[in-house]
Enquirer: 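Have a look at the structure that comes next, please.
Computed from a prediction, not measured in an experiment: that's the story for all the values here.
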Amino acid sequence: MVRRLCSLANPSKRGAGRGPKNGNRANPVAHPRPSPETAVCASEEVRRMKMSDVDVLVVGAGPSGLTLAAEVARRGASVQIVEKRALAPVSRAGTVLPRPMELLDARGIADRFLARGYELNGVGTLSSTHVWAGMSPLAWSPLGSRFGFTLYLPQHETEVLLRAWAEEVGVQIRFESALVDLTETSDEIRATTLNADGVEEDTTAQYVVCADGGRGKSRELLGIDWVGHDTTFTGIVATARMEFAWPGGVRPGQNKYGFTVAFPFGTGLTRFAIVHVESAKRPVEEPITAAEVSHAASEILEEKIEVTELVEGTRYGDAMKVAGQMRKGRAFLVGESVRIHYPASGVGMNFCIQDAFNLGWKLAAVVQGDANPALLDTYESERRPIVDDLLESVRAQVAVQYNFSEGGAAYRRRFEKDLIQLPSVNAELVRELNGLQTPYERPPDAHPAVGLPAPDFEILRFDGSPVRLYELLRDHPFVVLDLSGAESVEATEVKDLPAALVAGYPVRLPAALAGASVIVVRPDTYLAWVYDAVPEPGAIRQQLTRSLYLD
């Protein structure tokens with residue numbers, strides 16, 4: 001039985017014929033349809049075309065869509081992306097934070113992001129501190145991460161790097177291909193897209209991942225409602241053609257006129273994010289001028305700022321909305337398809353990428369037959385609390401940051417001067433900005449580290465060769481680390497399962513794992529289980545099958 005999700009372009013019943021499965025071809029083969037079936041509007045006829053089937057179809061080639069596609073494809077599944085934009089994207093986000101850098105390191109591509117950042121911005125591409133509600137400095141050091149810094153990198157550069165990774169592992173990408181329909185059956189889901197030539201194309205897949213953002217059609221097609229509020233004030237994001245004029249990689253400022261942060265955005269470019277008391281009343285659609293940026297930045301930074309040319313500039317609002325659900329049947333929402341919010345502290349894209357890593361390994365395991373489809377239900381149960389934490393953080397930051405009354409200013413001065421740098425406060429806020437406030441669901445008897453990312457550390461294998469945990473995750477789905485010092489875990493524990501067993505001595509074992517004898521690490525670096533003593537035979541195998549919902 002076919003379950004109709006929606007159709008924006010053609011209310012008539014679509015044909016259900018399927019072409020042969022030919023892998024992941026980029027070039028469609030013409031598939032004739034009766035004329036009434038090919039109409040997308042009264043004045044236009046289009047050819048119907050049938051695409052080859054794929055395991056997973058991703059709608060949207062932004063950071064979350066590209067990451068998700070690569071995560072699935074790297075395990076051998078066939079993946080295709082459809083993207084309504086042309087190739088050249090518009091840059092929005094400008095920072096990559098420690099947690100996503102750790103995940104990129106676990107895939108062996110973090111160095112690409114660092115290299116591109118240095119190429120664009122030199123030493124100013126990294127900052128050991130960050131902001132919360134516009135207040136600084138917030139130190140990353142409490143995370144204990146190898147990537148204890150903010151990386152300043154335009155989002156379009158992040159997309160270029162992620163796209164290269166996705167293509168390397170076999171993802172096919174079709175640009176200028178807009179989603180117009182989704183139809184689900186008991187064993188597949190069909191997406192209909194319209195390309196720039198007016199040609200409708202059908203693609204069938206086991207699963208569809210919707211990563212086309214808050215303005216995308218996928219959520220509407222699925223019939224999933226937004227919950228939240230519309231814009232009440234607007235801000236500015238503008239890239240000026242001017243050398244970054246301040247040391248330290250970032251220049252924040254806040255006073256009675258508003259808030260701004262400036263940071264290097266490439267050779268000869270400076271990015272400004274501004275909320276000014278006057279321009280905050282302007283509608284999102286109103287164009288931004290160099291004069292407006294100069295005026296607002298000068299008043300807030302309390303120095304003369306002359307912006308003579310804008311490379312790009314957009315207004316954004318504080319609208320906050322969240323999807324009522326993150327999955328419907330064979331379709332999933334990730335990234336900004338799940339939520340939209342004011343870009344507080346520049347964390348939005350970083351949470352989107354983490355969504356993709358969570359869902360990506362699970363889809364790969366299911367389509368490759370390594371896991372039961374019930375595993376996919378854990379995507380929403382694990383990520384929804386993180387989304388809720390994020391939105392609560394944004395609410396709090398907006399309430400504090402944009403209260404320009406005398407009382408609001410006094411509160412910010414007090415918090416910034418006396419509280420933000422207290423170790424306990426700093427540590428809590430950096431966990432918040434990295435999506436680590438709430439662990440994934442874990443049994444009551446679990447080790448406290450279970451449900452949180454495994455700290456990266458070095459293991460000296462018994463052949464004398466050193467390796468980091470996150471390096472092991474580049475080549476293996478699950479990793480079972482035998483740290484007992486005696487190769488106590490038998491190879492049969494991981495036989496025929498998507499896991500690798502590695503034994504060795506830990507080099508400076510992180511405090512969070514003190515006393516651990518064996519740890520089981522998921523593909524997304526999260527700890528599935530921690531054993532303080534050598535487990536009984538069969539216990540690790542049971543834990544792995546439980547993690548894959550095979551028992």
Side-chain angles (χ1 to χ4, degrees), residues 21 23-24 53-58 67-80 103 106-108 165-166 168-171 186-189 205-209 327 329-332 334 354-383 440-442 450-451 453-454 469-482 489-502 518-529 535 538-551:
K21 186 167 184 175
N24 196 17
D53 293 336
V54 293
D55 293 319
V56 177
L57 180 72
V58 180
T67 301
L68 183 289
E71 268 294 275
V72 177
R74 66 187 289 270
R75 302 311 309 173
S78 59
V79 185
Q80 188 174 104
L103 289 163
R107 298 301 177 258
W165 176 40
E168 286 169 14
V169 295
V171 176
S186 60
D187 60 356
E188 69 179 16
I189 186 167
Q206 292 188 51
Y207 298 97
V208 167
V209 177
R327 177 184 185 181
R330 291 180 172 270
F332 299 82
V334 298
Q354 292 178 68
D355 283 354
F357 273 102
N358 181 286
L359 178 59
W361 76 265
K362 296 171 182 177
L363 278 173
V366 169
V367 299
Q368 294 296 85
D370 292 329
N372 188 294
L375 172 65
L376 299 176
D377 290 334
T378 66
Y379 165 61
E380 181 158 6
S381 66
E382 290 184 342
R383 292 305 295 173
Y440 291 164
E441 188 175 4
R442 59 192 179 195
V450 171
L469 169 59
Y470 281 25
E471 290 174 335
L472 292 171
L473 288 167
R474 297 172 185 178
D475 299 318
H476 308 289
F478 280 78
V479 170
V480 177
L481 278 183
D482 180 355
V489 179
E490 297 292 332
T492 53
E493 297 283 350
V494 300
K495 185 179 179 181
D496 300 324
L497 291 174
L501 172 62
V502 178
V518 178
I519 65 174
V520 180
V521 187
R522 299 182 352 176
D524 57 357
T525 80
Y526 276 74
L527 282 159
W529 205 252
I540 292 173
R541 187 171 189 84
Q542 183 179 36
Q543 180 57 49
L544 287 168
T545 57
R546 186 181 299 120
S547 295
L548 294 165
Y549 282 69
L550 295 174
D551 58 359

Enquirer: Quick check for you: to the nearest 0.5 Å, what is the distance between Thr492 atom OG1 and Leu501 atom CG?
Expert: 9.5 Å
Enquirer: Is a side-chain N or O of Arg442 found less than 3.5 angstrom from the main chain of Val450, in a donor-acceptor match?
Expert: yes
Enquirer: Do we see a donor-acceptor contact under 3.5 Å between the side chains of Gln543 and Ser547?
Expert: yes
Enquirer: Is there side-chain contact between Trp361 and Arg74, with at least one heavy-atom pair below 4.5 Å?
Expert: no
Enquirer: Can any side-chain N or O of Gln80 pair as donor or acceptor with the backbone N or O of Val54 at less than 3.5 Å?
Expert: no
Enquirer: Go through the steps for Arg522 and Lys362 under the test side-chain contact (heavy atoms from CB on, under 4.5 Å), then give the verdict.
Expert: CA-CA 10 Å; Arg522 299 182 352 176; Lys362 296 171 182 177; 4.3 Å; yes
Enquirer: What closest approach, in Å, do Val367 and Ala77 show between heavy atoms, and which atom pair accounts for it?
Expert: CG2-CB, 3.6 Å
Enquirer: In sequence, state the C-alpha distance, the side-chain angles, and the governing distance for Leu497 and Arg541, and then conclude on side-chain contact (heavy atoms from CB on, under 4.5 Å).
Expert: CA-CA 8 Å; Leu497 291 174; Arg541 187 171 189 84; 3.7 Å; yes
Enquirer: Return the CD to CD distance between Glu493 and Glu490, rounded to the nearest 0.5 Å.
Expert: 8.0 Å
Enquirer: Under 3.5 Å, is there a donor-acceptor pair between the side chain of Ser78 and the main chain of Asp55?
Expert: yes
Enquirer: Regarding Arg107 and Glu168, does a basic nitrogen lie under 4.0 Å from an acidic carboxylate oxygen?
Expert: no
Enquirer: So Leu363 and Tyr379, do their side chains get closer than 4.5 Å, heavy atoms only?
Expert: no
Enquirer: How about Leu103 and Thr67: do any of their side-chain heavy atoms sit closer than 4.5 Å?
Expert: no
Enquirer: Report yes if the side chains of Asp377 and Arg327 come closer than 4.5 Å at any heavy-atom pair, otherwise no.
Expert: yes
Enquirer: CG/Leu359 to CD/Glu380 distance, rounded to the nearest 0.5 angstrom?
Expert: 11.0 Å
Enquirer: In Å and rounded to the nearest 0.5 Å, what is the CG to OH distance from Asn372 to Tyr549?
Expert: 9.5 Å
Enquirer: For residues Val171 and Ala73, report the shortest heavy-atom separation together with the two atoms involved.
Expert: CG2-CB, 3.6 Å
Enquirer: Before you tell me yes or no, could you show the steps for Leu481 and Leu472 under side-chain contact (heavy atoms from CB on, under 4.5 Å), namely the whole-Å CA-CA distance, both residues' side-chain angles and the distance that decides it to 0.1 Å?
Expert: CA-CA 10 Å; Leu481 278 183; Leu472 292 171; 3.9 Å; yes
Enquirer: Which atoms form the tightest heavy-atom contact between His476 and Val479, and what is the distance?
Expert: CB-CG2, 4.2 Å
Enquirer: If you look at every heavy atom in Asp355 and Arg383, which pair is closest and at what distance?
Expert: OD1-NE, 2.8 Å
Enquirer: Kindly assign one of parallel, tilted or perpendicular to the pair Tyr526 and Tyr440, based on the angle between their ring planes and the thresholds 30° and 60°.
Expert: parallel
Enquirer: Minimum heavy-atom separation for Ala365 and Leu548, please, with both atom names.
Expert: CB-CD2, 4.5 Å
Enquirer: Would you compute the distance between atom OG1 of Thr378 and atom CG of Asn358 and round it to the nearest 0.5 angstrom?
Expert: 6.5 Å
Enquirer: If I compare all heavy atoms of Ala69 with all of Val79, which pair ends up nearest, and what's the gap?
Expert: CB-CG1, 3.7 Å
Enquirer: Taking the side chain as every heavy atom from C-beta outward, state whether Val72 and Tyr207 have any pair of such atoms under 4.5 Å apart.
Expert: no
Enquirer: Is Asp482 close to Val502 at the side-chain level, that is, under 4.5 Å between some pair of heavy atoms?
Expert: no
Enquirer: What's the spacing between Leu469 CG and Glu471 CD if we round to 0.5 Å?
Expert: 9.5 Å
Enquirer: Yes or no on side-chain contact (heavy atoms from CB on, under 4.5 Å) for Leu544 and Val480, after CA distance, side-chain angles and deciding distance?
Expert: CA-CA 9 Å; Leu544 287 168; Val480 177; 4.2 Å; yes
